[in-house]
2 protein chains.
Amino acid sequence: MEFDYSTALTHAMGHVMKLHKKNVEYLIQDYDVYPGQPILLMRLANTDGLMQKELARRIQVKPATLTVMITRMEKCGLVERRPDERDQRISRVFLTDKGRLATKAVKEALRILELKCFEGFTDEEKIILQGMLERMHNNLETFYLENTEPSAEPNE
Amino acid sequence: MEFDYSTALTHAMGHVMKLHKKNVEYLIQDYDVYPGQPILLMRLANTDGLMQKELARRIQVKPATLTVMITRMEKCGLVERRPDERDQRISRVFLTDKGRLATKAVKEALRILELKCFEGFTDEEKIILQGMLERMHNNLETFYLENTEPSAEPNE
DNA sequence: CCCCGTTTGTTAGCTGGCTAACTAAAATGT
DNA sequence: ACATTTTAGTTAGCCAGCTAACAAACGGGG
């Protein structure tokens, strides 16, 4: 009656995501884009000019992490910071022209890879998978909140 | 006719895995075990005494990465290196008693989390998901090999 | 008006992943 | 038997993620 993690579904899922990441890196290697940046570029392509805190929240990363990434990307000329006029604490992040070009390439790479990844899948299967992922996410989030924020049921 | 990565299934899957990792980190925080180590400990619990290269291959990590991890874990007293008697280049990695204790706790945490993650899933659904993950893995691996090792069809 | 708490962002220092360049030991070949 | 190549592991230096401690700007209360 042993639990064998090597057969766990989350373990298999981790391997798939690792392989996906390796593929992304291969496809974007000719641009000045590093491993963590595609997801950030996709977010910026969608909505430019967010403040860093909000941007960090959207891509599920801590503000401190984003600071370093943005600084690097600014040096590469992919993005630029512009201070907010009203609130001097805030700096808003925008894509440069070079950034927009890189974003286009990254988006195409991700599109191709998504196609390849689900080759042979029916639309119905993809919908089923999406539903499962949502349920997993809910389960994990509930578990996390229950453990870290035992604010509910304070007594008894 | 735009591709929107925020709706991509791999994107959703990445979020699920991130949340999973956050939960693992929460559950093991009281032990001298760091984020990348659970998967390594699980492997060692399964088969002790592997040479580093083989161990790296099993957990899908480069040998250089493993060197640093093992060195740190050796300092923490979780594992120990023993030189191979026949081949002086090889060092084999073993769990210590402390390592075995930590492994037990990690395994329990992963078991609980796996249960929570798939709460509400039927056995059939889990089998379906497993099949999908295998197909995704195959698709991505095939794509990677086709691109990086165009050894097949050398001409024409 | 000024002090104090809050919010935004940065810096420092850690783990973990990678590649590239290196060392040392073993295996091979002439 | 010696030189060469191959293999295992390490080191250095990079990017990405985190936490903790900090600086600077905003805002509200007395």
Side-chain angles (χ1 to χ4, degrees), chain A residues 14-15 17-26 28-29 31-41 43 49-76 78-79 81-93 148, chain B residues 14-15 17-26 28-29 31-41 43 49-76 78-79 81-93 148:
Chain A
H15 272 182
M17 289 315 292
K18 206 163 203 169
L19 195 46
H20 182 269
K21 189 178 181 188
K22 206 161 84 171
N23 269 292
V24 172
E25 283 167 25
Y26 172 76
I28 64 172
Q29 65 188 340
Y31 305 87
D32 276 342
V33 177
Y34 294 89
Q37 298 171 8
I39 199 170
L40 174 53
L41 290 175
R43 174 53 59 188
L50 292 173
M51 72 171 78
Q52 288 184 205
K53 185 188 177 178
E54 179 62 16
L55 195 50
R57 195 187 62 77
R58 299 274 188 102
I59 65 169
Q60 302 276 338
V61 147
K62 296 299 170 200
T65 302
L66 194 65
T67 293
V68 182
M69 286 178 67
I70 297 292
T71 303
R72 248 194 298 266
M73 291 169 82
E74 207 169 21
K75 275 180 196 154
C76 279
L78 291 169
V79 301
R81 275 186 252 239
R82 291 187 216 153
D84 187 279
E85 293 181 357
R86 293 186 186 175
D87 190 336
Q88 296 303 110
R89 292 170 302 182
I90 295 173
S91 76
R92 303 195 170 274
V93 182
T148 57
Chain B
H15 272 181
M17 289 314 292
K18 207 164 202 168
L19 196 46
H20 182 268
K21 190 178 180 188
K22 207 162 82 169
N23 270 293
V24 173
E25 283 166 27
Y26 172 76
I28 63 171
Q29 64 188 341
Y31 305 87
D32 276 343
V33 176
Y34 294 87
Q37 298 171 9
I39 199 169
L40 173 53
L41 290 175
R43 173 52 60 188
L50 292 173
M51 74 171 77
Q52 288 185 204
K53 185 187 178 180
E54 179 62 15
L55 196 50
R57 194 186 65 77
R58 299 274 188 104
I59 66 168
Q60 303 275 336
V61 148
K62 297 298 170 199
T65 301
L66 194 64
T67 292
V68 181
M69 287 178 68
I70 296 292
T71 302
R72 250 194 296 266
M73 292 169 81
E74 207 169 21
K75 276 180 195 156
C76 281
L78 292 169
V79 302
R81 276 185 252 240
R82 293 187 214 151
D84 188 279
E85 293 181 359
R86 294 187 186 174
D87 190 335
Q88 296 302 111
R89 291 171 301 182
I90 295 174
S91 76
R92 301 191 173 276
V93 182
T148 55

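Since the structure is predicted, the reported quantities are computational estimates derived from the model, not experimental observations. Here is how names work: the chains are called A, B, and so on, in the same order as the sequence lines, proteins then strands, and each is numbered from 1.
Among the atoms of the strands shown, only primed sugar atoms or phosphate atoms (P, OP1, OP2) are found under 4.0 Å from some heavy atom of A:Arg81. Looking at heavy-atom distances under 4.0 Å, B:Ser91 makes contact with sugar-phosphate atoms alone, never a base.
Checked against D:dT19, D:dC26, C:dA26, the side chain of A:Lys62 finds its nearest nucleotide in D:dT19. In the set C:dA12, C:dT8, C:dA24, the nucleotide with an atom closest to the side chain of A:Ala64 is C:dA12. The side chain of A:Thr67 lies closest to C:dG9 when the candidates are D:dT10, D:dA25, C:dG9. Counting only heavy atoms from C-beta on, A:Tyr34 has its side chain closest to D:dA16 among D:dA16, D:dA25, D:dG9. Checking C:dT10, D:dG9, C:dT15 against every side-chain atom of B:Arg72, the shortest atom distance belongs to C:dT15. Of the listed nucleotides (D:dT10, C:dT8, D:dT6), D:dT6 has the atom at the smallest distance from the side chain of B:Arg89.
Formation of a donor-acceptor pair under 3.5 Å by the B:Glu74 side chain with backbone atoms of B:Arg81 is found in this model. A donor-acceptor pair is defined here as one N or O able to donate and one able to accept, closer than 3.5 Å; such a pair exists between the side chain of A:Gln37 and the backbone of A:Tyr34.
For D:dT10, one of the phosphate oxygens OP1 or OP2 lies less than 4.0 angstrom from a side-chain nitrogen or oxygen of B:Gln52. The phosphate of D:dA16 (OP1 or OP2) has a side-chain N or O of A:Gln37 nearer than 4.0 angstrom. The shortest distance between the side-chain N/O atoms of A:Thr65 and the OP1/OP2 oxygens of D:dC18 is below 4.0 Å.
As a whole-Å value, the separation of B:Tyr26 OH from D:dT19 P is 14 Å. The CD1 atom of B:Ile39 sits 13 Å away from the C1' atom of C:dG16 (whole-angstrom rounding). For the pair B:Gln88 CD and D:dA8 P, the computed distance is 15 Å after rounding to whole Å.
Residue whose closest nucleotide on DNA chain C sits further toward the 5' end, between A:Lys18 and A:Ile90: A:Ile90.
Between A:Lys22 and A:Glu25, no side-chain nitrogen of the basic residue sits less than 4.0 Å from a carboxylate oxygen of the acidic one, so the salt-bridge criterion is not met.
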